[in-house]
Amino acid sequence: MFASRKNKIKLSPAEKVGMTIVYAICILAGVLTVVPFLYIVAGSLATEKELVERAFFIIPHTVSLNAYKYIAADGSIFRGLANSFFIMVVGTIINMLFTTTLAYPLSKSWLKGRNLVLNVIIVTMLFSGGMIPNYLVVKNLGLLDSYLALMLPGAVNAFNLIIIKNFFQELPHELEEAAKIDGCSDLGIFVKIILPLSKPSLASVGLFYAVSHWNDFFNSLIYLNSTKKFPVQIILRQIVLLAQGASADGSAIDFGAGGTPPEQAVRMAATVVATIPILCVYPFVQKYFEQGVMVGAVKG
C-alpha cells in the first residue's frame with residue numbers, strides 16, 4: 001500500500017490545471033443535464049398558481065399530485081405502461097437475436113459474399129423505402145394492428161449490427177480454435193464463448209434497442225388500431241390532448257383545494273411517467289460500459 005502511494009504519478013502544474021478544467025466541464029455538463037429534469041419533476045408536482053407565478057424552480061412551494069391523478073384517472077396509463085414494457089422486452093429480444101446471429105458470420109473474413117452483404121446493409125443506413133412502402137409491406141404481411149409490426153420491420157439496425165460485428169472481429173481467434181479442438185460446435189462457440197465475452201457490447205446495443213422501443217411513437221400511431229394495444233406514449237399523448245381541451249372549455253375535473261391540474265403540469269407529469277421507467281434500466285447495464293472486454297482472456 002505504501003509502495004503504491006510512493007509510486008503515485010505526480011502531475012505537473014499545467015496538468016493539474018488541465019484536469020481541473022476537465023472536471024469543471026464534466027460537472028457543468030452534469031448540472032445542465034440534471035437541472036432541466038428536476039424542473040420537469042417539480043413542475044409536475046406544482047399547482048397552477050405556482051407555475052404561472054414562478055418562471056423556474058426546483059422545489060415547489062405547494063406539492064400537488066393533481067396532474068398525476070388526472071393522468072391515472074381512467075387507468076389507461078397502467079395498461080399503456082404494461083404494453084410498452086411488453087413491446088420493449090420482446091422487441092429487444094428479437095433485435096438482439098437477429099443482430100447477433102447476423103453479425104457473427106459477417107465478422108468472419110473468409111465468408112463468401114461477406115462484403116456484398118455488408119455493402120447492402122450500409123446502403124440501408126443512407127437510403128430507406130419511405131413510410132408508404134413500409135406501410136404496404138406491413139399490411140401485405142398481415143401485421144397491421146399487431147405488436148409484430150413494431151418489432152419485425154426494424155429487427156436489425158444497421159448501425160448496431162456494425163458495432164457488434166466489429167466487436168466480434170476483435171475477439172481472439174485462438175479461443176474459437178481451442179474450442180473446436182475440444183469438440184465444440186459453431187453454435188456452442190457462439191453461445192458459450194462469443195456472447196459471454198461480448199457482454200459490454202451486447203449491453204450497450206441492447207440498451208439502444210430498448211430505449212428505441214420504449215420511446216417509439218410514430219410506428220405505434222400508424223400500425224396499431226386497437227386502443228387496448230396502445231403503448232404508454234400514445235396514451236400520454238391522448239391524455240395531454242384531453243387536458244388541453246379541458247383547459248380550453250373549462251370542463252376539467254375538480255380536484256378540490258389544489259384546483260384543476262394545469263395543462264403545463266399534465267405535460268410535465270406525462271414526461272416524468274414516460275421517462276422514469278426506462279431510467280431504471282440504466283443502473284443494471286452501466287457496469288458493462290466500464291468493464292474491460294478482453295483483459296486476461298488470452299495468455300501469452
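Count residues from 1 along the sequence. From a predicted model like this one, the values you see are computed outputs, not experimental measurements.
For the pair Val232 and Ile77, the minimum side-chain heavy-atom distance is below 4.5 Å. Side-chain contact between Tyr223 and Leu143 is absent, with no heavy-atom pair separated by less than 4.5 Å. Side chains of Ser220 and Leu150 form a contact here, defined as non-hydrogen atoms less than 4.5 Å apart. Residues Lys165 and Arg114 form a side-chain contact, since some pair of their non-hydrogen atoms from C-beta on lies under 4.5 Å apart. Here the side chains of Tyr209 and Ile94 are not in contact, with every heavy-atom distance at 4.5 Å or above. With contacts defined as side-chain heavy-atom distances shorter than 4.5 Å, the pair Val52/Gln264 does not qualify. With a 4.5 Å cut-off on side-chain heavy atoms, Ser185 and Ile189 do not count as touching. Side-chain contact between Arg237 and Leu221 is present, with at least one heavy-atom pair separated by less than 4.5 Å.
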Verdict with supporting geometry, Ile121 and Leu106, side chain to side chain contact (heavy atoms under 4.5 Å, CB included):
CA-CA 11 Å; Ile121 292 173; Leu106 290 178; 3.8 Å; yes

Going through the checks in order, is the side chain to side chain contact (heavy atoms under 4.5 Å, CB included) test met by Ile276 and Phe37?
CA-CA 11 Å; Ile276 291 296; Phe37 184 73; 3.7 Å; yes

Working note: Ser226 + Asp145, criterion side chain to side chain donor-acceptor pair (under 3.5 Å); need CA distance, chi angles, decisive distance, verdict.
CA-CA 7 Å; Ser226 303; Asp145 201 26; 2.7 Å; yes

When you look at Phe57 and Leu51, which way does the side chain to side chain contact (heavy atoms under 4.5 Å, CB included) test go after all the steps?
CA-CA 9 Å; Phe57 55 91; Leu51 284 172; 3.8 Å; yes

The test is side chain to side chain contact (heavy atoms under 4.5 Å, CB included); show your working for Val35 and Phe56 and say whether it passes.
CA-CA 10 Å; Val35 168; Phe56 179 83; 3.5 Å; yes

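Residues Met125 and Val120 are members of separate hydrophobic clusters, defined by side-chain heavy-atom contacts under 4.5 angstrom among Ile, Leu, Val, Met, Phe, Trp and Tyr. Phe208 and Leu97 fall into different hydrophobic clusters, defined by Ile, Leu, Val, Met, Phe, Trp and Tyr side-chain heavy atoms under 4.5 Å apart, directly or through other members. Residues Val34 and Leu45 fall within the same hydrophobic cluster, defined by Ile, Leu, Val, Met, Phe, Trp and Tyr side chains chained together at heavy-atom separations under 4.5 Å. Under a hydrophobic-cluster definition in which Ile, Leu, Val, Met, Phe, Trp and Tyr are linked whenever side-chain heavy atoms come within less than 4.5 Å, directly or via other members, Ile21 and Leu28 are assigned to different clusters. Hydrophobic cluster membership is shared by Met88 and Phe217, with clusters built from Ile, Leu, Val, Met, Phe, Trp and Tyr side chains linked at under 4.5 angstrom.
Under a 3.5 Å cut-off, the side chain of Thr271 and the backbone N or O of Arg267 do form a donor-acceptor pair. Judged by distance alone, with hydrogens and angles left aside, the side-chain atoms of Glu15 form a donor-acceptor pair with the main-chain N or O of Ser12 at under 3.5 Å. In terms of modelled atom types and a separation under 3.5 Å, the side chain of Asn95 and the main chain of Gly154 share a donor-acceptor contact. A distance-only check finds a donor-acceptor pair linking the side chain of Asn166 to the backbone of Ile162 [under 3.5 Å]. A side-chain donor-acceptor contact under 3.5 Å links Trp214 to the backbone of Ala274. When atom types are taken as modelled, the side chain of Asn160 and the backbone of Val205 share no donor-acceptor pair closer than 3.5 angstrom.
Note that CZ of Arg54 is 9.5 Å distant from OH of Tyr39, once rounded to the nearest 0.5 Å. Note: Ser107 OG to Leu161 CG = 10.0 Å, rounded to the nearest 0.5 Å. Distance check: Lys229 NZ to Ile234 CD1 gives 14.5 Å after rounding to the nearest 0.5 Å. How far OG1 of Thr92 is from CG of Leu207: 9.0 Å, rounded to the nearest 0.5 Å. Going from atom CG of Leu197 over to atom CD of Glu170 covers 13.5 Å, rounded to the nearest 0.5 Å. Rounding to the nearest 0.5 angstrom, the gap separating the NZ atom in Lys69 from the OG atom in Ser64 is 7.0 Å.
Tyr104 OH: more than 12 foreign heavy atoms inside a 6.0 Å radius. The local environment of CZ in Phe159 is sparse, with at most 12 non-hydrogen atoms from other residues, nucleotides or ligands closer than 6.0 Å. Heavy-atom neighbours of Phe127 CZ from other residues, nucleotides or ligands within 6.0 Å: at or below the threshold of 12. Remark: Lys108 NZ is packed, more than 12 non-hydrogen atoms of other residues, nucleotides or ligands lying under 6.0 Å away. The number of heavy atoms from other shown groups lying within 6.0 Å of CD1 (Ile58) is above 12. Within a 6.0 Å radius of CZ in Phe98, no more than 12 heavy atoms belonging to other residues, nucleotides or ligands are found. When the shell of 6.0 Å around CG of Leu32 is examined, it contains more than 12 heavy atoms from other residues, nucleotides or ligands.
Tyr68 approaches Ser44 most closely through the heavy-atom pair OH-OG, 2.7 Å. Here the shortest heavy-atom pairing between Val272 and Pro277 reads O-CD, 4.3 Å. Scanning both residues, Met151 and Val90, for their nearest heavy atoms gives SD-CG1, 3.7 Å. Of all heavy-atom pairs spanning Ala103 and Ile164, the tightest one is CB-CG2, 3.8 Å. Across Ile235 and Gly80, no two heavy atoms sit closer than the pair CG1-CA, 4.1 Å. What you find for Phe230 and Gln238 is that their closest heavy atoms are CE1-NE2, 3.5 Å.
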